[in-house]
Amino acid sequence: MATELVPSGHPTTLPPANGSFWGRLPVLKQLRQSVGLQRGMLVAGLAITALFLLVAAFAPLIAPYGFAQLRDDSGPFGAQQPPSATHIMGTTVGGYDVFSRVIWGTQTAVLVIVVAVVFSIFIGILLGLVSGYIGGWLDRVLVVIGDAVYAFPSLLLAIVLSIVISGGQSSLWGGIFAAALSITVVFIPQYYRVIRAETIRIKAEPYVESAKMLGASAPRIMFRHVLRNATRTLPIIFTLNSSEALLTLAGLGFLGFGIEPTAAAEWGYDLNKALSDVTSGIWWTALYPGLAIVLAVLGITLVGESLNDLADPRLRARRRVKARATTATTTATAAAAAPDTTTEEKS
Amino acid sequence: MTTGLLPSDATSPVAPARRSAGGGLGRYLLVRFLLIFPTIFILVTLVFLLMRTIGDPITAAQGGRLTADQLAERISAAGYDRPVFVQYVEYLGQIFTGNFGNTISDNRPVTEVLLTYGGATLELAFYALIVAFIVGIPLGMLAASLRDRAPDAFLRIFAILCYATPVFFAGLLLKLVFSVWLQWLPVAGRASTRTELAMQTLPNKTGIYLIDSIMLGSPTAIGDVLSHAVLPGIALGLLTAGVFLRLVRTNVIGTLGTDYVDAARSRGVSEFRLVRKHAYRPALIPIITVIGLQIALLLGGAVLTETTFEWKGLGFQLAGYLAARDFVAVQGIVALLAVFVALTNFVVDVIAAVIDPRVRY
């Protein structure tokens, strides 16, 4: 490994010096430094994720019917109708159009992911920074609490929280916030751990010391000096958590703690209703919402996995020996980017 | 720590080295053991406080069905009209004596529910772990030895798919194909009615059907139990198999880059033998650590798998109590599971520390 590096690479966390604005954006940088299979996985993941987001954005244009629509001009849809020209994925036991609900479901999923991840990033980063920087008994207490919550089955915690937040059932935004907040509490410890570890490491760096010497206040050091350098693993956790958020949402929905079908389309709920269909050989009500979950999670996970691999020098695919001369510089900057991350553990 | 001992100086330095390592291990185990209590305390407190923010459980369970007077009477009979702090102290005291409360919907002690159905969940988790080991570890080694080639790419996609597929969707698909279309395997349940009845007659039944059917001594009963276990075991096991595959691959690749593997390679050991003999053992240690975290994931997955396959375990009961809005039962089961997870994590950490000296910090 070391023989392939040009010794001029930065030993610290700085992005490559030649990077323009685009070159420094988290995902684009990795896209440039990836090769072969890893690039394929990253590109495939990005493509699926982009498709997912596009479908969510244009759901009203794509879906032929509303998610809670039971009839059109020619009468009711009918329950459990097999796929046909008017309902290309058939209808559910409740008489909804499967295709429309699959499409509308992307919106719900995106909303939940965004709310959940934004909340947990903010709270997790804040707690991690404060606890890592200040240390002392506060740090110890938070670590024990964080570890306790982290070790807990996340779905069970999410169930408890969704009971607390919404009593189990609710409207679109109520349901989305219930699901998102349940997921948030589960994820905060993950961000907290990572940021705390980074903060403790960075706290000892000379530039923090000199900032202290110059009389910078603790919040200023935390946010300007520490946080800036502690966030490099966040895109990885962010993507891996998004996929977990999706799965938790679907799990909650499957157990009947999701969002009411008239409030929004939610894939887990549809799969729950499809449970009895499967026994009588009706496949379309289960297959399509399930595939939608798999595809969305797959896309996001591919991105996260690729970022994770690219951040880990042991796993980063290397170009063939022949091409080494031309690519030595890119490998060097890439290797400077990051050591191991701890995101493997739970996902 | 004196872990850098060479195997050659086996005689004299062993005794002091072992003593120091033993002391480190002892202290680590003690600290780790004491850590269980705050963990359990935090989780139980968390669950208690969260569940109590929605009000008293009796109104939640039977709000619409009883008159206001009846409700008030039952609430005060159960003591839910007292200050939350008093209830909390009482709750902690009860838990300390192993009493997790009675369910509201069918008035059974939560511990009894656990004893009746816990075995089924354990059995399911056991099958899932077997599937995960059989699928995950060899495939992970294969992927590592064929790194960056087509099979590796395929296996990595497979691992991600394992993770990306919700257990209940995997379960539904398996059910559709193997039970409904091909009719090879039963649709749901843990055993057919006849086997269940036969096992009821056993004097000391365990609730773990595999053991019960073996005690029954009838090959058809054993076959029946196993055939019911195949699909749920695979559905839940694949989730963990993907994690194992990735982990084994990552770690084998890591060890393949170490000096001692290079040394073996320079002696002419074949790549395949390198993976099988040299690189895979150290790669298994992280697996043990990860199993601890997987227990939590498995329990969450078990709730979903049990619902999919009507596997009458704790998760199935939990889903039922959730639907009945019996939050005392939910609180009890969740708290008990938290205790269980904390204990298994302790055991896993102990095993990891015994195997790998580096763990004892």
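We name chains A, B, ... by the order of the sequence lines, and we start the count at 1 in each one.
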Could you pull out the closest heavy-atom pair between A:L271 and B:L172, with the gap in Å? CD2-CD1, 3.7 Å
Applying side chain to side chain contact (heavy atoms under 4.5 Å, CB included), can you list everything that pairs with A:T301, at least two apart in sequence or on another chain? A:L240, A:S243, A:V297, A:E305, B:I160, B:Y163
Nearest 0.5 Å, please: how far is CG in A:L302 from CZ in B:R156? 9.0 Å
Could you have a look at B:V167, B:L299, B:L43 and say which one has the most heavy-atom pairs with chain A under 4.5 angstrom? B:L43
Turns out that what part of A:L287 lies under 4.5 Å from chain B's heavy atoms comes down to both
B:I42 versus chain A, heavy atoms under 4.5 Å apart: side chain, backbone, both or neither? side chain
For residues B:A164 and A:L247, report the shortest heavy-atom separation together with the two atoms involved. O-CD2, 3.8 Å
Among B:I157, B:I333, B:T307, B:V330, residue most engaged with chain A (heavy-atom pairs, under 4.5 Å): B:T307
Quick one: are A:I293 and B:F169 in side-chain contact, heavy atoms under 4.5 Å? no
Given that the side chain runs from C-beta out, which part of B:L298 has a heavy atom under 4.5 Å from chain A: side chain, backbone, both or neither? neither
Quick one: what part of B:I40 sits under 4.5 Å from any heavy atom of chain A, side chain, backbone, both or neither? neither
Find the one option among A:A296, A:G268, A:A250 whose heavy-atom pairs under 4.5 Å with chain B are most numerous. A:A250
Which bit of A:L298 is near chain B, if near means a heavy-atom gap under 4.5 Å: side chain, backbone, both or neither? both
Please state whether the side chain, the backbone, both or neither of B:L173 comes within less than 4.5 Å of a heavy atom of chain A. side chain
